[in-house]
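Down below is the structure, laid out as structure tokens.
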2 protein chains.
Amino acid sequence: MKLSVRGEYALRAMQVLAERHGGPVVSIQTLSEEQNIPKRFLEQILNDLKSSGLVESRRGMAGGYRLAMAPADVPLARIIRYIDGALSPVSCVSERFYEKCSCPDETRCALRSVMKEVRDAVAQMMEKTTLADLIARAQKLRAVPMGPMDFVI
Amino acid sequence: MKLSVRGEYALRAMQVLAERHGGPVVSIQTLSEEQNIPKRFLEQILNDLKSSGLVESRRGMAGGYRLAMAPADVPLARIIRYIDGALSPVSCVSERFYEKCSCPDETRCALRSVMKEVRDAVAQMMEKTTLADLIARAQKLRAVPMGPMDFVI
DNA sequence: ACAATCTCTATTGCATAAGTAGGGATTTGT
DNA sequence: ACAAATCCCTACTTATGCAATAGAGATTGT
């Protein structure tokens with residue numbers, strides 16, 4: 001039930017790009033250092049994201065990456081689907097990555113109906129949450145930096 | 001974001017055991033045929049489930065497996081957690097399989113807060129749905145076997 | 001004794017993920 | 001023109017985990 005490391009890196013990098021949206025492009029170097037992501041690996045990921053049309057790049061000395069669209073127009077689902085594939089726990093309930101499963105009768109599979117609900121819950125969450133929402137959350141989290149337990153000396 | 005095949009097999013096998021709860025033990029042979037699961041592989045899985053205390057076994061000629069408790073007392077979450085591990089999409093939001101992630105500040109990670117909500121949604125669903133619920137769903141699905149499209153000759 | 005079952009451990013094959021490497025192309029600054 | 005910093009592309013390596021298979025042993029009913 002896991003997101004791949006690759007997918008996680010993609011989301012983190014995209015969040016940084018979203019935060020700097022409108023400013024100058026951001027280099028892999030910067031992204032890599034800021035987010036503790038292996039530089040060469042991130043390079044690949046950003047390249048994939050570029051192929052997907054989610055980011056644009058600029059080459060040369062002052063080069064780097066930037067979002068290809070407004071943060072509010074990029075649901076997390078889109079990033080994850082592109083990098084990792086299906087959101088569904090089993091592929092027989094996936095809408096875009098459907099595959100037949102080995103169970104005797106898919107149409108009457110009780111497990112399938114449960115998994116479909118799980119899928120829908122996850123998809124809805126990932127679909128409604130955009131990079132803009134992520135930024136908003138980050139700001140809130142910065143505003144209340146410490147949990148109540150952290151006041152102990 | 002996937003359940004392993006192993007986990008899926010475990011759930012399917014457990015459903016059958018739940019349906020036959022109260023009756024005689026069910027052999028791997030039967031489970032394997034009924035659910036299209038490689039026999040030898042299922043053997044391993046059932047063995048794991050036995051170690052977890054979810055099923056009991058009987059050896060010898062009329063041997064087989066049965067649930068160790070009532071279907072209503074077995075949430076799907078328990079099976080999945082035992083076979084596959086965390087329900088969480090990222091381990092830094094897992095309650096039972098927590099692992100530190102590589103992001104710079106976990107307490108203020110916006111992505112983490114989103115993932116936590118996803119985790120909660122999945123966990124709640126898997127926790128509240130038991131094997132008994134699965135049986136009930138299966139019965140309903142049997143009652144309305146065909147979708148509207150299937151009436152075409 | 002025999003046959004059908006579970007039990008346990010090991011191993012294999014395979015796919016995918018994670019990360020690394022090298023050399024090339026492009027832009028900027030001097 | 002040249003150097004430096006960057007992106008670009010392809011290939012490779014390595015590790016990990018998953019799915020499945022295999023073989024020998026233990027237990028039970030007839």
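All chains are named by letter (A, B, ...) in the order of the sequence lines, taking the proteins before the strands, and each is independently numbered beginning at 1.
- Proximity note for B:E43 (side chain, C-beta onward) versus C:dA18, C:dC8, D:dT28: the nearest is C:dC8.
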Short N/O separations, protein against nucleotides 10-13 of chain D, under 3.5 angstrom:
| unit_1 | atom_1 | unit_2 | atom_2 | d |
| --- | --- | --- | --- | --- |
| D:dA11 | N6 | A:Q44 | NE2 | 3.0 |

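- Side-chain atoms of B:N36 and A:S102 form no donor-acceptor pair, as typed in the model, at a separation below 3.5 Å.
- Under a hydrophobic-cluster definition in which Ile, Leu, Val, Met, Phe, Trp and Tyr are linked whenever side-chain heavy atoms come within less than 4.5 Å, directly or via other members, B:M14 and B:I135 are assigned to different clusters.
- Taking a cutoff of 4.0 Å between a charged side-chain nitrogen and a carboxylate oxygen, B:R81 and B:E127 qualify as a salt bridge.
- Residue B:L46 is out of contact with every strand shown, counting any heavy-atom pair closer than 4.0 Å.
- Atom pair A:L49:CG and D:dC8:C1' shows a separation of 15 Å (rounding to whole Å applied).
- The main-chain N or O of B:S4 is found under 3.5 Å from a side-chain atom of B:D84 such that the two form a donor-acceptor pair.
- Using a 4.0 Å heavy-atom distance criterion, A:R6 is classed as a sugar-phosphate-only contact.
- For the pair A:R58 CZ and C:dT26 C1', the computed distance is 11 Å after rounding to whole Å.
- In terms of position along DNA chain C, the nucleotide closest to A:G7 lies nearer the 5' end than the nucleotide closest to the other residue of the pair A:G7 and A:R59.
- Regarding B:L31, its CG atom lies at a distance of 18 Å from the P atom of C:dA4, rounded to whole Å.
- Distances shorter than 4.0 Å separate none of the side-chain N or O atoms of B:K50 from OP1 or OP2 on C:dC6.
- Whole-Å rounding puts the A:R66 CZ to D:dT6 C1' distance at 15 Å.
- The distance from atom NZ of B:K39 to atom P of C:dC6 is 8 Å, rounded to the nearest whole Å.
- Taking side-chain N and O atoms only, A:Y9 has no distance below 4.0 Å to OP1 or OP2 of C:dA18.
- Side chain of A:P38, nearest nucleotide from C:dG19, C:dC6, D:dA20: C:dG19.
- An OP1 or OP2 oxygen of C:dT7 is reached within less than 4.0 angstrom by a side-chain nitrogen or oxygen of B:Y65.
- At the phosphate of D:dA19, OP1 or OP2 sits under 4.0 Å from a side-chain N or O atom of B:S4.
- The side chain of A:M61 has D:dA4 as its nearest neighbour among C:dA18, D:dA4, C:dC8.
- A donor-acceptor pair under 3.5 Å links the side-chain atoms of A:R12 to the main chain of A:Q35, judged by distance alone.
- For B:V5, taking side-chain heavy atoms from C-beta onward, the closest of the listed nucleotides C:dC6, C:dA18, D:dA20 is D:dA20.
- Summary of the strand contacts: B:G64 and A:F41 both lie near DNA chain C, and taking for each the nucleotide with the nearest heavy atom, the more 5' one is attributed to B:G64.
- Taking 4.0 angstrom as the limit, B:S27 places none of its side-chain polar atoms (N or O) nearer than this to OP1 or OP2 of C:dA4.
- B:G60 comes within 4.0 angstrom of a base, heavy atoms only.
- With sequence neighbours excluded, the residues that form a side-chain hydrogen bond (donor to acceptor under 3.5 Å, both in side chains) with B:R40 are B:E43.
- For the pair B:I45 CD1 and D:dG17 C1', the interatomic distance rounds to 15 Å; values are reported in whole Å.
- Side-chain N/O atoms of A:R40 and base N/O atoms of C:dG22 include a donor-acceptor pair closer than 3.5 Å.
- Rounded to whole Å, atom P of C:dA17 lies 11 Å from atom CD1 of A:I83.
- A donor-acceptor pair under 3.5 Å links the side-chain atoms of B:S32 to the main chain of B:I37, judged by distance alone.
- Here B:K100 does not pair with B:E106 in a salt bridge; the nearest charged N to carboxylate O distance is not below 4.0 Å.
- In this structure, the CD1 atom of A:I37 is 13 Å from the P atom of C:dT20, given to the nearest Å.
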